[in-house]
Chemist: 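Just passing along the structure, written as structure tokens.
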There are 2 protein chains.
Amino acid sequence: MGLSWQDIHADALRRIQSREWQPGALIPNEEELAKDLGCARATVNRALRALAEEGWLERRRKAGTRVALSPKRRAQMAIPVIRQEIEALGKTFSHRLIDRVTTLMPAFQSDALGLPAGTSAHHVRSLYLADNLAFAYEDRWVNLIAVPGIETCPLDQISPNEWLVQNAPFSRGTLEYSAVAATDEEARHLGCTLGVPVMVLERQTFGPDAPVTAMRLTFAPGHHLKLVI
Amino acid sequence: MGLSWQDIHADALRRIQSREWQPGALIPNEEELAKDLGCARATVNRALRALAEEGWLERRRKAGTRVALSPKRRAQMAIPVIRQEIEALGKTFSHRLIDRVTTLMPAFQSDALGLPAGTSAHHVRSLYLADNLAFAYEDRWVNLIAVPGIETCPLDQISPNEWLVQNAPFSRGTLEYSAVAATDEEARHLGCTLGVPVMVLERQTFGPDAPVTAMRLTFAPGHHLKLVI
DNA sequence: GACTCTTTTATGTATATACATAATAATTGG
DNA sequence: CCAATTATTATGTATATACATAAAAGAGTC
């Protein structure tokens with residue numbers, strides 16, 4: 001066969017990185033590139049589309065394709081499934097249920113999930129451990145409407161995280177990391193000092209029909225969030 | 001025209017989210033789907049490939065396509081170009097050069113970039129401001145071999161971040177966020193209290209031929225890192 | 001000039017066809 | 001039965017062709 005789209009992709013990337021195609025500059029159109037390189041336009045299209053998705057190029061109909069000025073490249077991060085994160089470190093995963101109760105959600109939580117004030121939800125607190133050392137403390141609210149089974153599932157045997165992945169419908173959500181001082185409760189469960197800087201991940205998950213869960217995950221001190229470009 | 005690949009994409013996603021196609025289950029092959037839905041196989045391929053990239057499906061030649069067991073979905077994050085981050089908040093961006101000097105890199109820095117011990121580099125410290133309030137403090141080492149122009153560029157007029165984006169070759173890099181206590185120097189420049197929890201981003205950038213820069217960016221307290229799924 | 005309308009053009013997509021490739025399944029030889 | 005070989009098959013890719021669509025450029029009007 002002729003050239004593969006990966007070949008075109010690599011060649012174009014080389015030209016971008018070597019600044020043969022300068023930032024902001026218009027590059028030849030697909031037809032021309034196809035003729036020059038000796039392949040079909042569809043092949044060029046596939047390669048340039050990939051480069052655009054990766055943030056190297058900006059493409060607009062009629063206006064053509066230009067090298068991105070400030071490469072707004074996207075870093076990708078696997079959404080933390082804590083078991084995998086811990087096992088990737090070569091450590092043994094375990095978890096401990098602290099408590100679970102169905103009760104009224106605080107107003108800020110029901111607001112954040114778009115549920116009416118005064119909604120009841122299942123409130124679960126648990127601890128994730130790596131080699132029996134505290135790794136993260138989780139405080140989670142689960143919407144009973146979206147996930148009715150939550151009240152009766154054995155959260156001492158399977159972690160809320162994993163149970164939900166397997167049992168809850170799931171479409172989109174938000175993630176937000178911040179650096180905060182460990183609260184009294186967090187410090188107690190994570191075995192650290194009150195006020196020490198810790199990473200907190202707040203996450204809301206929405207199913208196709210209804211909000212599913214809101215979670216606050218506090219990592220033990222020293223946690224890193226690595227991303228790859 | 002017939003159905004678009006987005007239509008197929010949406011339909012398949014609906015089936016996954018409604019659990020009509022259960023996690024781990026094999027879905028019909030492309031040819032069959034194309035026949036059922038009334039479009040060409042290439043169109044189905046485009047849709048399923050997109051779903052696989054998004055993490056909903058796992059595809060293997062001959063083995064077929066199945067719904068991902070634990071949707072290892074990837075969150076995407078725009079790599080911070082600080083000006084854009086600040087302007088997106090509706091604030092005015094500015095920056096202030098604190099100092100710049102060409103000197104020996106500390107060993108841990110040259111190691112991290114894979115440069116021999118005792119290499120000289122340009123050391124730049126600067127402050128980024130949003131509406132004239134400290135937003136982030138940057139401590140950066142720039143490899144003179146990869147970016148010779150750095151020593152003479154007017155860093156009081158253009159931020160190191162932007163100058164490098166425009167002038168340095170750039171291919172891949174690492175990003176690592178952590179929560180730490182503000183050091184004395186960081187606290188002084190950010191106008192916060194010593195020891196307060198702050199987000200730190202450490203980043204290394206490598207060009208096609210040589211390492212380009214290592215950076216430590218300390219955000220003012222209260223900074224959030226938002227990701228979208 | 002400011003406005004609308006039309007034309008042009010580069011990218012975006014859909015299709016049929018052909019072949020490539022990886023991985024499973026079947027077959028064969030010992 | 002086991003290992004090596006071959007056949008099968010679903011996805012992956014390349015191609016030509018045709019048409020769709022967004023947006024810029026140009027033409028015409030006031």
Side-chain angles (χ1 to χ4, degrees), chain A residues 1-16 20-69 71-74, chain B residues 1-16 20-69 71-74:
Chain A
M1 225 180 282
L3 289 169
S4 76
W5 69 267
Q6 284 101 334
D7 294 333
I8 314 296
H9 182 278
D11 185 68
L13 187 54
R14 183 188 55 72
R15 296 209 225 188
I16 295 167
E20 177 184 335
W21 288 343
Q22 301 234 340
L26 213 58
I27 74 171
N29 70 34
E30 294 184 349
E31 208 162 355
E32 204 167 331
L33 281 172
K35 189 164 58 71
D36 290 357
L37 297 166
C39 67
R41 183 171 81 89
T43 309
V44 175
N45 180 282
R46 180 90 160 80
L48 297 189
R49 185 155 43 78
L51 284 165
E53 272 166 21
E54 292 157 29
W56 293 106
L57 296 175
E58 278 168 16
R59 320 195 72 199
R60 269 163 66 214
R61 280 169 161 153
K62 161 79 184 177
T65 300
R66 52 183 70 238
V67 180
L69 255 180
K72 311 177 182 137
R73 299 184 54 205
R74 287 176 284 281
Chain B
M1 226 181 284
L3 289 169
S4 76
W5 69 268
Q6 284 101 333
D7 294 334
I8 313 295
H9 181 278
D11 185 68
L13 187 53
R14 183 190 55 73
R15 296 209 225 188
I16 295 166
E20 178 185 333
W21 289 342
Q22 301 233 339
L26 212 60
I27 75 168
N29 69 34
E30 293 184 348
E31 207 162 355
E32 205 168 330
L33 281 171
K35 188 163 60 71
D36 289 358
L37 297 167
C39 66
R41 184 171 82 86
T43 310
V44 175
N45 181 283
R46 180 88 160 82
L48 297 189
R49 183 156 42 80
L51 284 166
E53 271 166 20
E54 291 158 29
W56 292 106
L57 296 176
E58 279 167 15
R59 320 195 73 198
R60 270 162 65 214
R61 280 169 161 155
K62 161 80 183 176
T65 301
R66 53 182 71 240
V67 180
L69 257 179
K72 314 180 179 133
R73 299 184 54 205
R74 287 176 286 280

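Labels below follow one simple rule: chain letters A, B, ... track the order of the sequence lines, proteins then strands, and each chain is numbered from 1.
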Chemist: Between dT8(C) atom C1' and Asn29(A) atom CG, what is the distance in whole Å?
Modeler: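 Roughly 13 Å, once rounded to whole Å.
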Chemist: Strictly below 4.0 Å: does Thr65(A) bring a side-chain N or O up to OP1 or OP2 of dA10(C)?
Modeler: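 So the side-chain polar atoms of Thr65(A) never come under 4.0 Å of the phosphate oxygens OP1 or OP2 of dA10(C).
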Chemist: Consider side chain to side chain contact (heavy atoms under 4.5 Å, CB included). Of Glu32(A), His9(A), Glu30(A), Arg49(A), which one does Val44(A) pass it with?
Modeler: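 Per the side chain to side chain contact (heavy atoms under 4.5 Å, CB included) rule, the option paired with Val44(A) is Glu30(A), out of Glu32(A), His9(A), Glu30(A), Arg49(A).
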Chemist: Within the structure provided, determine whether Leu48(A) and Leu33(A) are in side-chain contact (heavy-atom separation under 4.5 Å).
Modeler: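 With C-beta onward as the side chain, the pair touches.
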Chemist: Counting only heavy atoms not in Gln6(B), do more than 12 sit closer than 6.0 Å to its CD atom?
Modeler: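 Yes, CD of Gln6(B) has more than 12 neighbouring heavy atoms, counting only those of other groups under 6.0 Å.
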Chemist: Ignoring the backbone of Gln6(A), work out which of dG12(D), dT24(C), dT13(D) is nearest its side chain.
Modeler: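 Nearest nucleotide to the side chain: dT13(D).
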Chemist: Counting just side-chain N and O atoms, does Arg59(B) come under 4.0 Å of either OP1 or OP2 of dA10(D)?
Modeler: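 Negative; the distance criterion is not met.
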Chemist: Around atom CD of Glu20(A), are there more than 12 heavy atoms from other residues, nucleotides or ligands closer than 6.0 Å?
Modeler: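 Counting other residues, nucleotides and ligands, CD of Glu20(A) exceeds 12 neighbours.
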Chemist: Got Lys35(B) and Arg41(B) here, is their nearest side-chain heavy-atom distance under 4.5 Å?
Modeler: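 Counting from C-beta outward, Lys35(B) and Arg41(B) never come under 4.5 Å.
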Chemist: Return the value, rounded to whole Å, for the distance between atom CG of Leu26(A) and atom P of dT9(C).
Modeler: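 Result: 15 Å.
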Chemist: Taking Arg66(B) for its side chain and Glu58(B) for its backbone only, find out whether a donor-acceptor pair lies under 3.5 Å.
Modeler: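 Side chain of Arg66(B) to backbone of Glu58(B): no pair is present.
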Chemist: Are Trp56(B) and Leu13(B) side-chain neighbours, meaning at least one heavy-atom pair lies under 4.5 Å?
Modeler: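 Yes. Closest side-chain heavy atoms under 4.5 Å.
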Chemist: Just compare dT13(D), dA14(C), dT11(D) and give me whichever is closest to any side-chain atom of Trp5(B).
Modeler: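 Minimum distance to the Trp5(B) side chain belongs to dA14(C).
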Chemist: Would you kindly give the CD1-to-P distance between Ile8(B) and dA14(C), to the nearest whole Å?
Modeler: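 One finds 8 Å between P of dA14(C) and CD1 of Ile8(B), rounded.
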Chemist: Between the opening five pairs and the closing five pairs of the helix from dG1(C)-dC30(D) to dG30(C)-dC1(D), how far apart are the helix axes, to 10°?
Modeler: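 Comparing the axis at each end, I get an angle of 10°.
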Chemist: Measure from the side chain of Lys62(A), starting at C-beta and using heavy atoms only, and say which of dA23(D), dT9(D), dT21(C) lies closest.
Modeler: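 That would be dA23(D).
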Chemist: Return the value, rounded to whole Å, for the distance between atom CD of Glu58(A) and atom C1' of dA10(C).
Modeler: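 Going from Glu58(A) (CD) to dA10(C) (C1'), I get 16 Å.
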Chemist: Partners of Thr43(B) by side-chain hydrogen bond (donor to acceptor under 3.5 Å, both in side chains), sequence neighbours excluded?
Modeler: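 None.
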Chemist: Tell me the interatomic distance from Arg46(A), atom CZ, to dA14(C), atom C1', rounded to whole angstroms.
Modeler: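 Atom-to-atom, Arg46(A) to dA14(C), this comes out as 16 Å.
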Chemist: Please determine whether any donor N or O and acceptor N or O are separated by less than 3.5 Å between the side chain of Arg41(A) and the base of dG12(C).
Modeler: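 Such a pair exists between side chain and base.
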Chemist: Does a side-chain heavy-atom distance below 4.5 Å link Leu57(B) with Ile16(B)?
Modeler: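 Of all side-chain heavy-atom pairs linking Ile16(B) with Leu57(B), at least one is under 4.5 Å.
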Chemist: Measure CG/Leu57(A) against P/dA10(C) and give the value in whole Å, please.
Modeler: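 These atoms are roughly 17 Å apart.
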Chemist: Looking at dA14(C), I'd like to know if its phosphate oxygens (OP1 or OP2) sit under 4.0 Å from a side-chain N or O belonging to Ser4(B).
Modeler: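 Answer is yes, contact under 4.0 Å.
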Chemist: Within this structure, what is the CD-to-C1' distance between Glu31(B) and dG12(D), rounded to whole angstrom?
Modeler: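 About 14 Å, once rounded to whole Å.
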Chemist: dT13(C) P sits how many Å from His9(B) NE2, rounded?
Modeler: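 Interatomic distance, NE2 of His9(B) to P of dT13(C): 12 Å.
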Chemist: Relative to the 5' end of DNA chain D, which residue comes earlier, Glu30(B) or Ala42(A), by the nucleotide with the nearest heavy atom?
Modeler: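 That would be Glu30(B).
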Chemist: Which residues within residues 32-40 of chain A lie with some heavy atom under 4.0 Å of an atom in DNA chain D?
Modeler: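 Nucleic-acid contacts, sorted: Cys39(A), Ala40(A).
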Chemist: Using every non-hydrogen atom in the two residues, find where Leu51(A) and Ala12(A) come nearest and quote the distance to one decimal.
Modeler: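 The pair with the smallest heavy-atom distance is CD1-CB, 3.5 Å.
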Chemist: Among the candidates dA22(D), dT13(C), dT11(D), find the nucleotide nearest to the side-chain atoms of Asn45(B).
Modeler: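 For the Asn45(B) side chain, the nearest candidate turns out to be dT11(D).
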Chemist: Please determine whether a side-chain nitrogen or oxygen atom of Arg60(B) lies at a distance below 4.0 Å from atom OP1 or OP2 of dA22(C).
Modeler: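 No, Arg60(B) has no side-chain N/O under 4.0 Å of OP1/OP2 on dA22(C).
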